[in-house]
Amino acid sequence: MTAPLLQLSGVTAFYGAIQALRGVDLVVNEGEIVTLIGANGAGKSTLMMTVCGNPRARSGEIIYDGHDITRLPTHLIMRRQIAQAPEGRRIFGRMTVYENLLMGAEVSGNREKDTSLEQVFTLFPRLQERMAQRGGTLSGGEQQMLAIGRALMARPRLLLLDEPSLGLAPLVVRQIFGAIRDLNRATGLTVLLVEQNAFQALRLAHRGYVLVNGAITMAGTGAELLARPEIKAAYLEGGGH
């Protein structure tokens, strides 16, 4: 059995007086793609940010690669081969695609930049074509590719992907999810994916969790959750296929 790379036990988190996470238990094993689905405002992005130390977990513990990172500052957490492609992409609009990618390598101290660039360009050939273009002039899909590519330049063991399909056309969503699947199969990269597009996310993921009002209400393989009538009713009816 593969060992857990990331494990949350009884994690709670607050924004001021508002409780955003309520005793969350979640496991991501080495080499898995695990998705967290739920309605807007369920606490999905908060959970991902809590793993990164902002907000800090109020109680419970977060274990990564056998080490307790619950109280570590964010910059030390991110140096442990964890990379994030945040919601809203947050690329540097005035920098070129190439400069954006190099920033990802600089943050982690990656000295094998050329190898990493080759991997990113194999995954997203469009980025190589746009290498000298400013990030802010790219399409939404290209910006998402760049955000993921920048995260990959850190050579992570764990990639945190927050709403990668947000605002993108279905064809582009399929391209990006296909790239994530290829990357996982080729390199064994572990991925925690937060996503509102439940259908695409559960098709991609080995396992999934459902978050409702800050608490996990269901867990299972991607296929099991896709087959559950309550999942179909809440997240798949009408669509987004």
Side-chain angles (χ1 to χ4, degrees), residues 1-8 26-37 44-45 47-49 51-52 62-67 69 77-87 89-91 100-128 141 143-165 168 172-195 197 200-209 221-223:
M1 179 67 185
T2 319
L5 183 60
L6 178 70
Q7 188 158 12
L8 280 66
L26 179 144
V27 174
V28 182
N29 293 313
E30 185 103 46
E32 275 190 317
I33 299 175
V34 172
T35 190
L36 187 66
I37 66 168
K44 303 187 303 297
S45 293
L47 186 145
M48 196 163 277
M49 295 304 295
V51 169
C52 299
I62 302 171
I63 305 293
Y64 172 75
D65 195 22
H67 300 279
I69 62 168
I77 293 171
M78 303 315 278
R79 279 188 200 160
R80 289 174 175 257
Q81 289 184 284
I82 298 175
Q84 185 184 22
E87 184 181 2
R89 294 149 207 161
R90 298 188 204 164
I91 59 161
N100 266 278
L101 291 172
L102 287 188
M103 286 294 285
E106 290 298 327
V107 169
S108 67
N110 175 11
R111 291 176 185 169
E112 298 175 36
K113 295 184 183 72
D114 290 347
T115 308
S116 299
L117 272 173
E118 203 174 304
Q119 182 192 48
V120 169
F121 291 152
T122 301
L123 205 60
F124 300 121
R126 186 72 58 82
L127 294 182
Q128 189 163 16
Q143 288 189 15
Q144 185 61 66
M145 291 171 193
L146 181 54
I148 295 171
R150 185 179 62 188
L152 292 175
M153 287 295 293
R155 296 183 77 80
R157 283 181 69 192
L158 174 64
L159 177 62
L160 305 175
L161 282 179
D162 196 351
E163 300 284 7
S165 78
L168 301 183
V172 181
V173 172
R174 283 196 292 276
Q175 280 178 337
I176 284 172
F177 277 45
I180 296 162
R181 179 183 284 115
D182 292 347
L183 188 67
N184 169 260
R185 286 176 179 167
T187 69
L189 177 67
T190 307
V191 180
L192 177 58
L193 168 69
V194 159
E195 187 49 77
N197 187 331
Q200 293 285 1
L202 291 172
R203 281 182 64 193
L204 174 71
H206 298 101
R207 293 187 305 108
Y209 292 87
T221 67

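Quantities reported herein were computed from a predicted structural model and do not represent experimental measurements.
Counted by atom type alone, S116 and R155 present one or more donor-acceptor pairs between their side chains at under 3.5 Å. Residues E195 and S165 bring a donor and an acceptor atom of their side chains to less than 3.5 Å of each other.
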May I have the step-by-step check of side-chain contact (heavy atoms from CB on, under 4.5 Å) for L204 and I180, ending in yes or no?
CA-CA 8 Å; L204 174 71; I180 296 162; 4.1 Å; yes
Check against side-chain contact (heavy atoms from CB on, under 4.5 Å), L183 and Q119
CA-CA 9 Å; L183 188 67; Q119 182 192 48; 3.8 Å; yes
Using the side-chain contact (heavy atoms from CB on, under 4.5 Å) rule, take T122 and Q128 through it: C-alpha gap first, then chi angles, then the decisive distance, then the call.
CA-CA 9 Å; T122 301; Q128 189 163 16; over 6 Å; no
Can R157 and D65 be said to form a salt bridge (Lys or Arg N to Asp or Glu O under 4.0 Å), step by step?
CA-CA 10 Å; R157 283 181 69 192; D65 195 22; 2.8 Å; yes
Let me see the working for I148 and L161 under side-chain contact (heavy atoms from CB on, under 4.5 Å), right down to the final yes or no.
CA-CA 8 Å; I148 295 171; L161 282 179; 3.7 Å; yes
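Side-chain contact between I63 and I69 is absent, with no heavy atoms from C-beta onward closer than 4.5 Å. By the 4.5 Å heavy-atom criterion applied to side chains, Y209 and L192 are not counted as neighbours. A heavy-atom distance below 4.5 Å is not found between the side chains of D162 and L193. Residues L101 and L146 are in side-chain contact: their nearest non-hydrogen atoms beyond the backbone lie under 4.5 Å apart. Contact annotation: the side chain of M153 never approaches that of M103 to less than 4.5 Å [non-hydrogen atoms, C-beta and beyond]. Side-chain contact between L123 and L152 is present, with heavy atoms from C-beta onward closer than 4.5 Å. With contacts defined as side-chain heavy-atom distances shorter than 4.5 Å, the pair M145/V120 does not qualify. Two residues are said to be in side-chain contact when any heavy atoms from C-beta on lie closer than 4.5 Å; Q7 and L26 fail this criterion.
Rounding to the nearest 0.5 Å gives a distance of 11.5 Å between CZ of R207 and CG of L36. Summarising the geometry, atom CD1 belonging to I62 is positioned 5.0 Å from atom CG belonging to L8; distances are rounded to the nearest 0.5 Å. Rounded to the nearest 0.5 Å, atoms CD1 (I176) and CD (Q144) are 5.0 Å apart. Rounded to the nearest 0.5 angstrom, I33 CD1 and R185 CZ are separated by 8.0 Å. To the nearest 0.5 Å, atom CG of residue L168 and atom CD of residue E163 are 11.0 Å apart.
In terms of heavy atoms, F124 sits closest to A179 at CE2-CB, 3.6 Å. Pairing each heavy atom of I82 with each of Y64, the nearest pair is CG1-CZ, 3.6 Å. When all heavy atoms of R203 and R181 are compared, the closest pair comes out as O-NH2, 3.4 Å. Heavy atoms only, all atoms of each residue included: G31 and N184 are closest at O-ND2, 3.0 Å. Looking at every heavy atom in both residues, R150 comes nearest to I91 through NH1-CA, 3.3 Å. Among all heavy-atom pairs drawn from A151 and P156, the shortest one is O-CD, 3.6 Å.
A donor-acceptor pair under 3.5 Å links the side-chain atoms of N197 to the main chain of Q200, judged by distance alone. Not one N or O on the side chain of H206 forms a donor-acceptor pair closer than 3.5 Å with the backbone of E32. Side-chain atoms of T190 never come within 3.5 Å of backbone atoms of L158 as a donor-acceptor pair (strictly under, hydrogens ignored).
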